[in-house]
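Inspection log for the structure reproduced underneath, given as structure tokens.
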Amino acid sequence: MRLEGKVALITGAGSGIGKSTALLFASEGATVAVNDVCRESGMETVEEICRTGGKAVFLPADVTSETEVAEMVQKALQTLGHIDVLFNNAGISGVGAIHETSEELWDRVVAVNLKGVFLPSKHILPHMMERKSGCIINMSSCIAEIGLMRRAVYSATKGAVLALTKSMQVDYAPYNIRVNALLPGTILTPFVENYLKSSYDDPEEALSTIKKRQLSGELGRPEDVAKAALFLASDESRFMMGAPLYIDGGVVFGKMA
Ligand code: NAP
């Protein structure tokens, strides 16, 4: 029980990495505040946790809306009393080089992937500062470190999240709040399945190209990232501050011949 007695709020926990992390955190003793913009998938995560004896509540909100985020945080504090861990996980993809990216797509991806980290943090930090305790995990990506084709706005947001993580860490270290970032490689989730289907004529061929660029030769699983999130959320990582944690099958530091 590595998170016994802790309360964790996870954004975008109705699917993929967020859902897997919610299930793992609950199985390690945490009470999980499950956020998602989609009520149905968020409720499914909560029901799955409760069926297996865990504790969870659903807090719907679009992380790009300050009004909804403020309400979500208020409800979480009213219902659960405190928040120990915030995992800013919600995110969307955006495919295209700069000249292919519409202003609308740019604004949407920046809103979800970057403002969606800013707003929950803004509303939970005063509570953590008052308690002089807290842990924030921001979802970046290995794309913050390497160039990949036709991911202009997505890479811009994930690079920004990594820079923001370091800046947040400096500001909140005096309050005993740790802020770290996760940098996954390609993880097989609905996000990647949709992206493959919508961006390539031959999704199977695209998948085999992606597998080849990971030294592992395989895509990661949501549980691989959930376990890294668990480490960052627990006191085992107490000496990690403002750091990027790679879970990428060797994409960033490895090189195929
Ligand atoms: P996913 O399966 O699509 O899950 C993301 C969840 O976030 C979905 O339930 C989605 O709801 C929700 N969401 C989207 N916009 C939201 C909003 N405005 N407010 C609240 N929730 C919202 O994706 P995933 O692969 O698990 O990705 C999770 C995070 O990991 C993302 O930040 C992604 O960029 C990052 N990441 C993923 C990979 C990968 O290979 N999968 C690699 C590196 C980083 P809807 O389904 O209704 O949109």
Side-chain angles (χ1 to χ4, degrees), residues 9-24 33-46 48 58-69 71-73 86-95 105 107-120 137-146 148 151 153-162 164-165 181-199 206-207 210-211 213-214 216 218-226 228-229 244-249 251-252:
L9 191 154
I10 304 175
T11 66
S15 172
I17 295 167
K19 177 175 186 174
S20 185
T21 306
L23 296 174
L24 182 63
V34 171
N35 158 264
D36 206 282
V37 72
C38 171
R39 186 170 286 274
E40 206 184 330
S41 64
M43 278 308 295
E44 266 173 37
T45 302
V46 169
E48 217 169 309
F58 179 51
L59 298 172
D62 179 336
V63 292
T64 68
S65 156
E66 182 150 27
T67 314
E68 291 186 26
V69 169
E71 266 174 35
M72 168 183 80
V73 173
L86 166 64
F87 181 13
N88 286 311
N89 164 75
I92 56 173
S93 77
V95 177
L105 178 68
D107 288 345
R108 182 73 197 144
V109 177
V110 170
V112 179
N113 293 5
L114 188 53
K115 193 175 174 191
V117 171
F118 159 60
L119 289 177
I137 303 165
N138 290 333
M139 182 56 93
S140 176
S141 161
C142 69
I143 207 166
E145 301 275 10
I146 54 173
L148 289 176
R151 303 283 202 291
V153 62
Y154 184 72
S155 67
T157 59
K158 294 302 181 180
V161 167
L162 183 55
L164 176 63
T165 300
L182 289 171
L183 280 71
T186 310
I187 311 295
L188 196 53
T189 65
F191 169 101
V192 168
E193 283 162 8
N194 294 338
Y195 150 78
L196 285 171
K197 275 188 220 144
S198 59
S199 324
L207 181 61
I210 291 173
K211 281 182 181 174
R213 77 173 179 224
Q214 308 214 151
S216 60
E218 280 301 329
L219 266 56
R221 297 177 308 234
E223 306 82 71
D224 295 323
V225 186
L245 182 56
Y246 301 87
I247 321 99
D248 68 348
V251 170
V252 173

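One-based numbering along the sequence shown. Numbering of ligands and ligand atoms starts at 1, following listing order.
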Evaluate the side-chain proximity of [Y] to [X]: yes if any heavy-atom separation is below 4.5 Å, no if none is.
X	Y	value
Glu48	Lys19	yes
Glu145	Asp248	no
Val252	Leu183	no
Met139	Val161	no
Val63	Pro120	yes
Val110	Lys115	no
Phe191	Ser93	yes

Need the ligand 1 atom indices (1-based, order shown) with element for anything under 4.0 Å from a heavy-atom of [X].
X	value
Pro184	42 (C), 43 (C), 44 (C)
Ala61	19 (N), 20 (C)
Val192	39 (C), 40 (O), 41 (N)
Cys38	47 (O)
Ser141	43 (C), 44 (C)
Gly16	2 (O), 26 (O)

Which protein heavy atom lies closest to [atom], and at what distance to 0.1 Å?
atom	result
atom 15 (N) of ligand 1	Val112 CG1, 3.7 Å
atom 24 (P) of ligand 1	Thr189 OG1, 3.6 Å
atom 40 (O) of ligand 1	Ile187 N, 2.7 Å
atom 2 (O) of ligand 1	Ser15 OG, 2.6 Å
atom 8 (C) of ligand 1	Asp36 OD2, 3.6 Å
atom 35 (C) of ligand 1	Met139 CG, 3.4 Å
atom 37 (C) of ligand 1	Ile17 CD1, 3.9 Å
atom 18 (N) of ligand 1	Asp62 OD1, 2.9 Å

*Between OG1 of Thr21 and CZ of Phe87, what distance do you get to the nearest 0.5 Å?*
4.5 Å
*asked:* Checking contacts here: is it the side chain or the backbone of Ser140 that comes within 4.0 Å of ligand 1, counting heavy atoms only? Could be both or neither.
replied: backbone
*Between Val63 and ligand 1, find which residue part has any heavy-atom pair under 4.0 Å and reply side chain, backbone, both or neither.*
both
*What do you think, any protein heavy atom under 4.0 angstrom from atom 48 (O) of ligand 1?*
no
*Sub-3.5 Å N/O-N/O distance, Asn89 and ligand 1*: yes
*Check: Lys158 N/O within less than 3.5 Å of ligand 1 N/O*: yes
*Using ring pair (Phe, Tyr, Trp, His ring centres under 6.0 Å) as the criterion, list what pairs up with Phe118, not counting sequence neighbours.*
none
*Taking Asn113 for the side chain and Ile92 for the main chain, is one N or O donor matched with an acceptor at less than 3.5 Å?*
yes
*May I ask you to decide if Leu196's main-chain N or O and Ser199's side chain share a donor-acceptor pair within less than 3.5 Å?*
no
_Arg221 and Ser20 side chains, donor-acceptor separation under 3.5 Å_ = no
Have a look at [options] and point out the one with the heavy atom closest to [atom].
atom	options	answer
atom 36 (N) of ligand 1	Tyr195, Tyr154, Phe191	Tyr154
atom 38 (C) of ligand 1	Ser65, Gly91, Ala111, Gly185	Gly185
atom 22 (C) of ligand 1	Val37, Asn35, Val109	Val37

*Taking all non-hydrogen atoms of both residues, which atom of Asn89 and which atom of Thr11 are closest, and how far apart?*
N-OG1, 2.8 Å
*Any heavy atom of Gly116 sitting closer than 4.0 Å to ligand 1?*
no
Which donor-acceptor pairs under 3.5 Å do side chains of residues 33-40 form with protein atoms, sequence neighbours excluded?
| residue | atom | partner | partner atom | Å |
| --- | --- | --- | --- | --- |
| Asn35 | OD1 | Gly12 | N | 3.2 |
| Asn35 | ND2 | Leu59 | O | 3.1 |
| Asn35 | ND2 | Ala61 | O | 3.1 |
| Asp36 | OD1 | Cys38 | N | 2.9 |
| Asp36 | OD2 | Ala13 | N | 3.4 |
| Asp36 | OD2 | Gly14 | N | 2.9 |

